[in-house]
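Notes follow the structure.
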2 protein chains.
Amino acid sequence: MRPLIHPSIEDITVEGILHALSDPVRAAIYAELAGSDYGHTCSNFLQISDRAIPKSTLSQHFRVLREAGLIRSERQGVEMNNTSRCAEIEQRFPSLIAAVMNAHRVQFADRARAAKRKQSARKTTAG
Amino acid sequence: MRPLIHPSIEDITVEGILHALSDPVRAAIYAELAGSDYGHTCSNFLQISDRAIPKSTLSQHFRVLREAGLIRSERQGVEMNNTSRCAEIEQRFPSLIAAVMNAHRVQFADRARAAKRKQSARKTTAG
DNA sequence: TCCATAGTTCATATGTTGCGAACTATTGAA
DNA sequence: TTCAATAGTTCGCAACATATGAACTATGGA
């Protein structure tokens with residue numbers, strides 16, 4: 001098993017960060033990690049908003065996040081402890097992460113609102 | 001020639017924006033468009049920082065930016081007039097674009113600094 | 001030593017990207 | 001009108017990337 005790669009802060013690239021966060025599954029994982037003050041294991045995410053993620057896929061997603069410099073993964077016994085590196089990134093790329101996470105929240109809220117509207121429209125048409 | 005696709009503001013996704021801007025060529029194009037108050041043609045970018053971009057590739061890049069909702073392309077005679085949609089995006093995803101563009105600037109500055117350091121190190125070793 | 005659990009890696013099928021060649025659209029000149 | 005020039009787009013294919021089941025590795029406990 002090859003050692004895990006964690007780029008040093010100056011080797012982190014914008015391209016890498018944006019690419020990593022341009023996938024909704026990875027964005028969801030990262031949002032959870034960045035939003036909590038303790039670590040998460042990989043298998044905490046085998047289920048993401050009603051969608052099952054195969055563990056090999058999950059492992060790849062964590063690798064992308066890790067190698068983009070967004071998270072740090074440390075083995076802790078049989079499992080992994082994954083934490084966000086947001087403080088470091090904030091230092092190098094101020095307000096980038098916050099803006100991206102906020103945008104994801106906006107989009108999530110808009111979608112929920114659209115879905116609700118659609119649902120009530122169905123109800124009125126049916127009734 | 002199929003008509004150009006411009007998503008309406010509510011159909012613009014964060015994934016799409018991040019993916020579009022995760023490519024350095026596209027980020028450079030977008031930065032130029034967003035930073036000027038007049039439009040640019042595609043062929044203005046056949047050369048980007050000493051690198052030649054084939055026009056078919058350039059056309060694809062513009063398509064990605066356009067379909068992500070980042071730019072608007074309008075035919076003007078024989079050429080295209082490309083303008084950024086940053087005002088609209090700012091409204092939906094506040095400070096996202098600014099943070100991404102700033103991060104790219106930071107990275108560009110850091111790289112230039114690193115290259116300069118390396119160059120002067122070569123000089124002292126040689127002398 | 002054996003098993004269970006958590007993740008990683010491999011193989012491969014499927015999807016995406018880059019780019020030369022061929023094409024389309026528009027303008028202007030003959 | 002026809003022809004050529006210019007600006008972009010589309011096609012086709014090779015190279016690269018991604019998703020996932022199957023096989024594997026690492027760790028801890030019985």
Side-chain angles (χ1 to χ4, degrees), chain A residues 1-6 13 15-30 32-33 38-68 70-83, chain B residues 1-6 13 15-30 32-33 38-68 70-83:
Chain A
M1 211 147 272
R2 66 188 70 141
L4 304 181
I5 293 161
H6 292 95
T13 66
E15 298 91 296
I17 291 178
L18 297 189
H19 171 246
L21 295 180
S22 72
D23 179 281
V25 170
R26 286 195 294 263
I29 293 173
Y30 184 75
E32 184 63 35
L33 293 185
Y38 51 88
H40 284 70
T41 66
C42 296
S43 27
N44 281 167
F45 300 95
L46 282 169
Q47 197 78 23
I48 292 182
S49 49
D50 293 337
R51 196 158 103 64
I53 317 285
K55 65 178 185 164
S56 58
T57 304
L58 207 54
S59 178
Q60 295 306 321
H61 282 321
F62 273 92
R63 189 163 73 89
V64 172
L65 288 169
R66 187 167 52 239
E67 298 188 356
L70 284 164
I71 65 170
R72 192 175 294 285
S73 311
E74 287 164 308
R75 183 171 274 280
Q76 208 143 81
V78 77
E79 52 190 31
M80 280 304 206
N81 191 251
N82 297 286
T83 49
Chain B
M1 212 147 273
R2 65 188 71 139
L4 305 182
I5 293 161
H6 292 96
T13 67
E15 298 92 296
I17 291 177
L18 297 188
H19 172 247
L21 296 180
S22 72
D23 179 279
V25 170
R26 285 194 297 261
I29 293 172
Y30 184 74
E32 185 62 36
L33 293 187
Y38 50 90
H40 284 71
T41 66
C42 296
S43 29
N44 281 168
F45 300 95
L46 281 169
Q47 197 78 23
I48 292 183
S49 48
D50 292 338
R51 197 159 102 63
I53 317 285
K55 65 177 186 163
S56 58
T57 304
L58 207 53
S59 178
Q60 294 308 318
H61 283 321
F62 273 92
R63 190 164 71 91
V64 171
L65 289 169
R66 186 167 52 238
E67 298 189 356
L70 283 164
I71 65 170
R72 193 175 294 284
S73 311
E74 286 164 309
R75 184 172 270 278
Q76 207 143 82
V78 76
E79 52 190 31
M80 280 303 207
N81 191 251
N82 297 287
T83 49

Hey, which of these two, B:K55 or B:H61, hits DNA chain C nearer its 5' end, going by closest nucleotide?
-> B:H61
Nearest-nucleotide wise, let me know which of A:V78 and A:S73 is further upstream toward the 5' end of DNA chain C.
-> A:V78
Over how many whole Å does the gap from [X] atom [atom1] to [N] atom [atom2] extend?
X     : N      : atom1 : atom2 : result
B:I48 : C:dG18 : CD1   : P     : 12 Å
A:E74 : D:dT27 : CD    : P     : 14 Å
A:L46 : C:dT5  : CG    : P     : 13 Å
A:I29 : D:dA19 : CD1   : P     : 11 Å
A:F45 : D:dT20 : CZ    : C1'   : 20 Å
B:Q60 : C:dA21 : CD    : P     : 17 Å
A:M1  : C:dT9  : CE    : P     : 6 Å
A:E15 : D:dA17 : CD    : P     : 14 Å

When you check the phosphate oxygens OP1 and OP2 of [N], does a side-chain N or O of [X] lie under 4.0 Å from one of them?
X     : N      : result
B:R2  : D:dC11 : yes
B:H19 : C:dT17 : yes
A:S56 : D:dG21 : no
B:S59 : D:dT9  : yes
B:S43 : D:dG8  : yes

Apply the side-chain contact (heavy atoms from CB on, under 4.5 Å) test between B:R26 and each candidate in B:I71, B:L21, B:L65; give the one that qualifies.
-> B:L65
From the options B:V25, B:N82, B:L33, B:I53, select the one residue that forms a side-chain contact (heavy atoms from CB on, under 4.5 Å) with B:F45.
-> B:L33
[X], nearest nucleotide to its side chain (from [options]):
X     : options                : result
A:R75 : D:dA23, D:dT27, C:dT26 : D:dT27
B:P54 : C:dG20, C:dT8, C:dT26  : C:dG20
A:C42 : C:dA6, C:dG18, C:dG7   : C:dG7

Could you tell me whether a side-chain N or O of B:T13 sits under 3.5 Å from a main-chain N or O of B:G16, the two making a donor and an acceptor?
-> yes
May I ask you to decide if B:G77's main-chain N or O and B:R75's side chain share a donor-acceptor pair within less than 3.5 Å?
-> yes
Given DNA chain D, 5'-ward residue of the pair A:I53 and B:L58, judged by closest heavy atom | B:L58
With a 4.0 Å cut-off on heavy atoms, is A:M80 in touch with a base, just the backbone sugar-phosphate, or nothing at all?
-> sugar-phosphate
Beyond-backbone contact of B:I29 with B:F62, side-chain heavy atoms, under 4.5 angstrom = yes
